[in-house]
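What you are looking at is a predicted structure, and each value in this text was computed from that prediction instead of being measured. Atom set for the values below is all heavy atoms of this structure, side chains included, hydrogens, waters and symmetry mates excluded.
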Amino acid sequence: MHNKLVRGFVGAAVMLGALVPGVFAQSRGLDVSYGRWLPGSGAVTYSAAYYRPVLGPLDYGIGITHLQDFTPGDDRSLTGGEVSLGLGRDGRGPYVVTGAGLGFRHVDRNPDAFWSV
């Protein structure tokens with residue numbers, strides 16, 4: 001089940017990238033990321049966001065996030081939408097991104113909010 005979700009997420013990111021041709025030449029882009037929580041927690045995040053500049057190095061993004069967390073005794077995995085603010089996310093060096101979103105847990109289908117820095 002979860003492998004299907006990951007494949008679906010990757011497919012959605014590829015389709016989003018295909019729908020946005022030439023975005024890098026226009027200072028817009030697609031940001032795809034993978035991250036882990038604390039070592040030993042087993043939690044992994046995947047996200048893809050389309051972003052565009054607002055003012056100078058500041059930009060905003062809209063995307064999708066999948067959190068895969070199989071902590072023993074509690075499955076907190078979820079998938080949902082995300083909005084982000086970025087600083088320096090133009091592909092020329094290090095950048096900072098913060099985001100927040102709302103998703104639905106896979107086990108009980110209840111909504112759950114999330115954030116990241």
query: Is the shortest side-chain N to carboxylate O distance from R52 to D59 below 4.0 Å?
result: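 Answer for the salt bridge query: no.
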
Return the [atom1] to [atom2] distance between [X] and [Y], rounded to the nearest 0.5 Å.
X    : Y    : atom1 : atom2 : result
D69  : R105 : CG    : CZ    : 9.0 Å
D112 : L102 : CG    : CG    : 8.0 Å
Q68  : R36  : CD    : CZ    : 9.5 Å
S84  : D31  : OG    : CG    : 7.5 Å

Is the shortest heavy-atom distance from the side chain of [X] to the side chain of [Y] under 4.5 Å?
X   : Y    : answer
T65 : F114 : yes
Y50 : R28  : yes
R89 : V97  : yes

message: According to side-chain contact (heavy atoms from CB on, under 4.5 Å), who are the partners of N110, at least two apart in sequence or on a separate chain?
response: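 side-chain contact (heavy atoms from CB on, under 4.5 Å) check on N110 returns D108.
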
query: For F104, what residues pass the side-chain contact (heavy atoms from CB on, under 4.5 Å) criterion, not counting sequence neighbours?
result: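 Partners of F104 by the side-chain contact (heavy atoms from CB on, under 4.5 Å) criterion, ordered by chain and then number, come out as P111.
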
query: Between L67 and A43, what is the shortest heavy-atom contact and its length?
result: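 Smallest interatomic distance, heavy atoms only, reads CD1-CB, 4.5 Å.
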
message: On a heavy-atom basis, which atom in L78 and which in G103 lie closest, and how many Å separate them?
response: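 In this case the closest contact between L78 and G103 is CD1-CA, 4.1 Å.
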
task: Examine the side chains of H106 and S77 and answer whether a donor and an acceptor come within less than 3.5 Å of each other.
output: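 No, no side-chain donor-acceptor contact under 3.5 Å.
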
For Y60, side chain to side chain donor-acceptor pair (under 3.5 Å) partners two or more places apart: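 Partners of Y60 by the side chain to side chain donor-acceptor pair (under 3.5 Å) criterion come out as none, since no residue qualifies.
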
